[in-house]
Q: 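There's a structure below that I have some questions on.
We count residues from 1, following the sequence as given. Atoms considered below: every heavy atom in the structure, side chains included; atoms not considered: hydrogens, waters and symmetry mates. Counting starts at 1 for both ligands and their atoms, in listed order.
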Amino acid sequence: MSGDDDWWTSSNEAVLVSLVTPTDAGVKTLDTFHPEYTNNIFGEKEQIFGYKGLRINLQYNASDMLPNLKVSYKKKYQPTADEEALDINDVLSEFLPEVAFQKQSDFETRLKSIPDNWTPPGTLVTSFSSKDGEYEVYRGKITDPAVRQLLNRIQILVPFFVDGGTPIDLEDPDADRWTIYFLYNKRPLPNQPDKFSYHFAGYSTLYRYYAFQVPTEFESKTPTDTPTFTLDGDFDLDTLPCRTRISQFIIIPPFQQKGLGSRLYSIIYQQYLKHAPTVELTVEDPNEAFDDMRDLADLAFLGKQPEFQALKIDTSIEIPEEGRAPNNIVDQAAWDACRKKFKIVPRQFARVLEMYLMSQLPESVRPGLGAPEDEEDEEESGRSSKSKGKSKEKALPKPTPEDEHTYRLWMMLVKRRLYVHNRDALGQLELKERREELAKVFAGVEFDYARLLIKAEEQSKLAQADGETADEGEQEVPATPSAANGKRKLDDVEQTEGDGAAASSKKARVERE
Ligand SMILES: CC(=O)SCCNC(=O)CCNC(=O)[C@H](O)C(C)(C)COP(=O)(O)OP(=O)(O)OC[C@H]1O[C@@H](n2cnc3c(N)ncnc32)[C@H](O)[C@@H]1OP(=O)(O)O
């Protein structure tokens, strides 16, 4: 160590990604942004040694994402026997294709040779328009060289934006199991309305796993009766039942917060709903931002489906004084059938249904954004007005005994799932502690649902204001709690449930699907 801190630079600040487009004079910068993370590239501390005034400009041609790296600095540390300045090109060569290291003049020449009728690789899946323009979604396999090339150019975005995310190994012999969706903004060329330029906005990678199917009771279960499974020469592996898993999902910063992530997710979901071999669409290590986006998109879609709407709390059920919560609060067979039909993994389906059922609770008992720390365990106290977190401006109806009964059934439905989900941890506690712990987890979940339902309402208004063209994946949202009296940092339920990772990490909320 030199002991001279001036030679250290924050790698997150030094790296600047620029989206450029060719002009007669060279290139024009359209957008710039910094990465969120560089720890996977430059080390845990996200610091680079050996430079003053360091700038690492990663330029991308906005359409085909041809990269070009420009490293500049005011001063470089003179190497000593102990230390030397980091070789930035060397470090980045592991994450960028060779073409990124060509001279700026060669980069510019190459951009000029890109035809003005260039279109993204893969097959056009769908297009949509929103307030800020036209978008197209393309799909392709890694085995398509053009898809592979584009992916190879942009994979550095994974360590830049997904905490703990690693790029796909393009040499993987199973590479054909990957499908990539690209989101592109399509803009008419000035004075040439029938010609367009394409601007990369984001992408998602999906992987297919073989899904073992438990034989139904009508099928033979004995080995001798089971037909032998052989693959003849023409057998198409793509027809086997599979779980399709969203692995990476990125909308680049200039395109974030415009509803595009939700739309891309919904489009992908609709694709796999129609894809016969896919039995479930799963997500690999979603982070909180993705979880929110997915919850809202699933809620908006499912909330419109008659089979889902038909899943109701059976209010005729009596609540036992003691012992286990009833297990038929929602018709289990209908629950299973609906979940399978919509190819949603059990935990996600249960969460979205609980949220939906919460939005349907009578107003007098519907939870809002109160401070959970003020709440007692409702089940214990018998007090059931959930309106304490609701708007103080609006007088709420007094809950009837029926309202209270419905709320308690809903609470039992949620607690039952949470108990099963946390059985190992909770089972080690004394009964009293167990009830307290479960009540705490429940309060966090309830708060989270209230927060999400309010967001759902806001998003629906935004989408309407945008005048977006709807595709099948985008539907209106169900009724939501009417008000919030301020947001509070939510206790991470999954952490309470045993995952100690940082809240913003992609690993923070690992789905056990
Ligand atoms: C499986 C995995 O890969 S997990 C990792 C997920 N990826 C990352 O974290 C990488 C970095 N981040 C991203 O790529 C993006 O931010 C994503 C994918 C997480 C979200 O994409 P976005 O396009 O920003 O999502 P979207 O715009 O739909 O929703 C984000 C916000 O915009 C709001 N919004 C939704 N629609 C609109 C709209 N029409 N106009 C304005 N804002 C909108 C949402 O309410 C949401 O608000 P919030 O920030 O308060 O929650």
Q: Below 3.5 Å, N or O to N or O, backbone or side chain included: is there any such pair between E284 and ligand 1?
A: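 No.
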
Q: Do any N/O atoms on Q257 end up under 3.5 angstrom from N/O atoms on ligand 1?
A: yes

Q: Of K131, Q256, E36, which has the heavy atom at the shortest distance from atom 16 (O) of ligand 1?
A: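 Looking at heavy atoms only, Q256 sits closest to atom 16 (O) of ligand 1.
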
Q: Classify the angle between the aromatic ring planes of F290 and F249 as parallel (below 30°), tilted (30 to 60°) or perpendicular (above 60°).
A: perpendicular

Q: Suppose I only count heavy atoms of L260 and a 4.0 Å limit; which atoms of ligand 1 are within that range?
A: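 Atoms satisfying the 4.0 Å criterion: 23 (O), 27 (O), 28 (O).
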
Q: For a quick check under 3.5 Å, do R55 and S72 share a side-chain donor-acceptor pair by atom type?
A: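 No, no side-chain donor-acceptor pair sits under 3.5 Å.
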
Q: Does ligand 1 have a heavy atom under 4.0 Å from the side chain of K258, from its backbone, from both, or from neither?
A: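 Looking at K258 and ligand 1, just backbone atoms fall under 4.0 Å.
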
Q: Regarding D298 and Y265, do their side chains bring together a donor and an acceptor under 3.5 Å, going by distance alone?
A: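 The answer is yes; a qualifying pair exists.
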
Q: Out of all atoms in ligand 1, which are within 4.0 Å of some heavy atom of I250? Include the element for each.
A: 14 (O)

Q: For V283 and ligand 1, answer yes if some heavy atom of the residue is under 4.0 Å from a ligand atom, otherwise no.
A: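 Judged by the 4.0 Å heavy-atom criterion, V283 does count as contacting ligand 1.
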
Q: Using 30° and 60° as the class limits, which term best fits the ring planes of F349 and W335: parallel, tilted or perpendicular?
A: perpendicular

Q: Is there a polar contact between ligand 1 and G259, counting only N or O atoms under 3.5 Å apart?
A: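 Yes; at least one N/O pair falls below 3.5 Å.
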
Q: Would you check if D163 and N39 make a side-chain contact, meaning some heavy-atom pair closer than 4.5 Å?
A: yes

Q: Quick check: F249 and ligand 1, any N/O pair under 3.5 Å apart?
A: yes

Q: Can you confirm, on distance only, whether ligand 1 has an N/O atom lying under 3.5 Å from any N/O atom belonging to G261?
A: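 Yes.
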
Q: Can you sort out which atoms of ligand 1 are near A289, meaning under 4.0 Å from one of its heavy atoms?
A: 19 (C)

Q: Between Y272 and H275, how do the two ring planes meet: parallel, tilted or perpendicular, split at 30° and 60°?
A: perpendicular

Q: Can you tell me if N57 and S18 form a side-chain donor-acceptor pair at under 3.5 Å?
A: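 A donor-acceptor contact under 3.5 Å links the two side chains.
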
Q: Can you check which of F161, F290, Y265, F160 brings a heavy atom nearest to atom 10 (C) of ligand 1?
A: F161

Q: Any heavy atom of S247 sitting closer than 4.0 Å to ligand 1?
A: yes

Q: Looking only at the side chains, is there a donor atom on one of Y181 and Q271 sitting less than 3.5 Å from an acceptor on the other?
A: yes

Q: Run the numbers for me: atoms of ligand 1, each under 4.0 Å from some heavy atom of S262, listed by number.
A: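 Matching atoms, with element in brackets: 26 (P), 28 (O).
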
Q: Under 4.0 Å, counting heavy atoms only: does E458 come that close to any atom of ligand 1?
A: no

Q: Which is closest to atom 4 (S) of ligand 1 by heavy-atom distance: D291, N287, L462?
A: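 Considering heavy atoms of D291, N287, L462, the nearest to atom 4 (S) of ligand 1 sits in N287.
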
Q: Which atoms from ligand 1 have a heavy atom of Q248 less than 4.0 Å away?
A: 3 (O)

Q: Tell me, with the steps shown, if L19 and M65 meet side chain to side chain contact (heavy atoms under 4.5 Å, CB included).
A: CA-CA 8 Å; L19 299 172; M65 296 299 273; 4.2 Å; yes

Q: Going by heavy atoms in the side chains, are Q155 and L151 under 4.5 Å from each other?
A: yes

